[in-house]
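The structure under discussion appears below in the form of structure tokens.
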Number of protein chains: 2
Amino acid sequence: MSALSDPAEHLALALTQGGMQRMTARVLAALLFTEQDTLTAGEIAESLTISSGSVSTALKALVSVGLIEKVPAPGSRREHFRFREGAWATLMSEQNQLVKVMREAAEQGIAVTGRDSAAGRRLAEMRDFYDYLWRELPALIDHWKAHR
Amino acid sequence: MSALSDPAEHLALALTQGGMQRMTARVLAALLFTEQDTLTAGEIAESLTISSGSVSTALKALVSVGLIEKVPAPGSRREHFRFREGAWATLMSEQNQLVKVMREAAEQGIAVTGRDSAAGRRLAEMRDFYDYLWRELPALIDHWKAHR
DNA sequence: TCGAATCTTCAGAGAACTTTGAAGACTGCG
DNA sequence: CGCAGTCTTCAAAGTTCTCTGAAGATTCGA
């Protein structure tokens, strides 16, 4: 591994802690740290020394959540991939889905326990908190996009 | 499993998706959904049908991140635990640490690639985004606390 | 339409993580 | 001071998840 790879692996580790799968995180880091504008699946597999199968799976996942994009490469048999503009804001929005799930879990709980029980009161606080985040986080991200 | 347990398990699942370990999430959900004010380790083990060892580990983790608290119970041999006021804001703050790690990973990358390379420019955008979150998220949480 | 290069899928091997259960430590009561 | 009840720790078993590699599908050029 070159000196360049070390911080890339460090980043991949951070992404993993945030819930991303290991190989997916490494592929994303490779696309972030390369000096080229785009990379092919083959190039990524070679530079990370992983199977083409793993690369394929990772690329598929990254494209589906909007963190990278497939770049049309006329006259080439290979698919080219590129780290996407504003990908970080996209990633944040993804995580925001979890906020929604938490709010819904609280709501569901209240429906069963009732509003006036001890559990109901705890759940109401939870629901209010995640409701607040669900309303405020998108604005925060939008503000970033505008500010940039 | 009673009807009450179902939404509790659903919540536990959501917490797991957010990175919490399974048993830890289930224990937290048990403390959230109970009608009692506090629960003992034994009560939790029995209601979830898991080993006392798992409960012990989970409780230790939850106390250490400030989501629950040990309640002094005079005249009782058992330890009592309670879901903590404002726990959700605490949980959010925990996750905020990840933002810090991401920012630092970007910084580290820039230090190696230089500011004027293609990778350096991508990393700078990343660093700026997480820097922004790192500054704004605490304010968002404080605002919630005040508003409550 | 055929062939070569590249990508995708998937079953199985292996690694990593969870959970348990038993042994030991601690606490407070008698 | 000893005992009963409760909690904690840790090695081992079980389970889950990840990664690979080979076979199949797809795409482009001739």
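Here is the naming used below: chain letters follow the sequence lines, and residue numbers restart at 1 for every chain. Values reported hereafter were calculated over all heavy atoms of this structure, with side chains retained and with hydrogens, waters and symmetry mates removed.
When the P atom of D/dT8 is taken as reference, atom CG of B/Leu62 falls 12 Å away, rounded to whole Å. As a whole-Å value, the separation of B/Arg26 CZ from C/dT18 P is 15 Å. B/Lys70 places its NZ atom 11 Å from the C1' atom of C/dC26, with the value rounded to the nearest Å. Between A/Ile44 atom CD1 and C/dC7 atom P there is a gap of 9 Å when expressed in whole angstrom units. One interatomic measurement links the two molecules: NE2 of B/His80 to C1' of C/dG28, which rounds to 14 Å at whole-angstrom precision. Here D/dA22 presents its P atom at 17 Å from CD1 of A/Ile50, a figure rounded to the nearest Å. As a whole-Å value, the separation of B/Phe81 CZ from D/dC7 C1' is 9 Å. Atom C1' of nucleotide C/dT19 and atom CG of B/Leu48 are separated by 13 Å, given to the nearest angstrom.
With distances taken from any side-chain atom of A/Glu79 to the nucleotides C/dC7, C/dT20, D/dG21, the minimum falls on C/dC7. For A/Met23, the side-chain atoms get nearest to D/dC19 when compared with the rest of C/dC7, D/dC19, D/dT8. Considering only the side chain of B/Ser51, C/dT20 comes nearest among D/dT20, C/dT20, C/dT8. Closest to the B/Thr40 side chain, of the nucleotides C/dT8, C/dT20, D/dC7, is D/dC7. Among the nucleotides D/dC19, D/dT9, D/dT8, the one closest to any side-chain atom of B/Thr57 is D/dT9.
Place B/Ala41 and A/Arg22 on DNA chain D by their nearest nucleotides, and B/Ala41 ends up nearer the 5' end.
Note: B/Glu136 CD to B/Leu133 CG = 8.5 Å, rounded to the nearest 0.5 Å. Once rounded to the nearest 0.5 Å, the distance linking CG of A/Leu62 with OG of A/Ser64 reads 8.0 Å.
For B/Gln21 and C/dT18, the shortest distance from a side-chain N or O to OP1 or OP2 is below 4.0 Å. Contact check, B/Ser54 against C/dT20: a side-chain N or O comes under 4.0 Å of OP1 or OP2. Of the side-chain N and O atoms in A/Lys60, none sit less than 4.0 angstrom from OP1 or OP2 of C/dC7.
For the residue pair A/His147 and B/Tyr132, no side-chain donor N or O sits within less than 3.5 Å of a side-chain acceptor on the partner.
Aromatic ring orientation, A/Phe83 versus A/Trp88: tilted (interplanar angle from 30° to 60°).
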Could you please spell out the steps behind the side chain to side chain donor-acceptor pair (under 3.5 Å) verdict for A/Ser54 and A/Ser51?
CA-CA 5 Å; A/Ser54 293; A/Ser51 74; 3.2 Å; yes
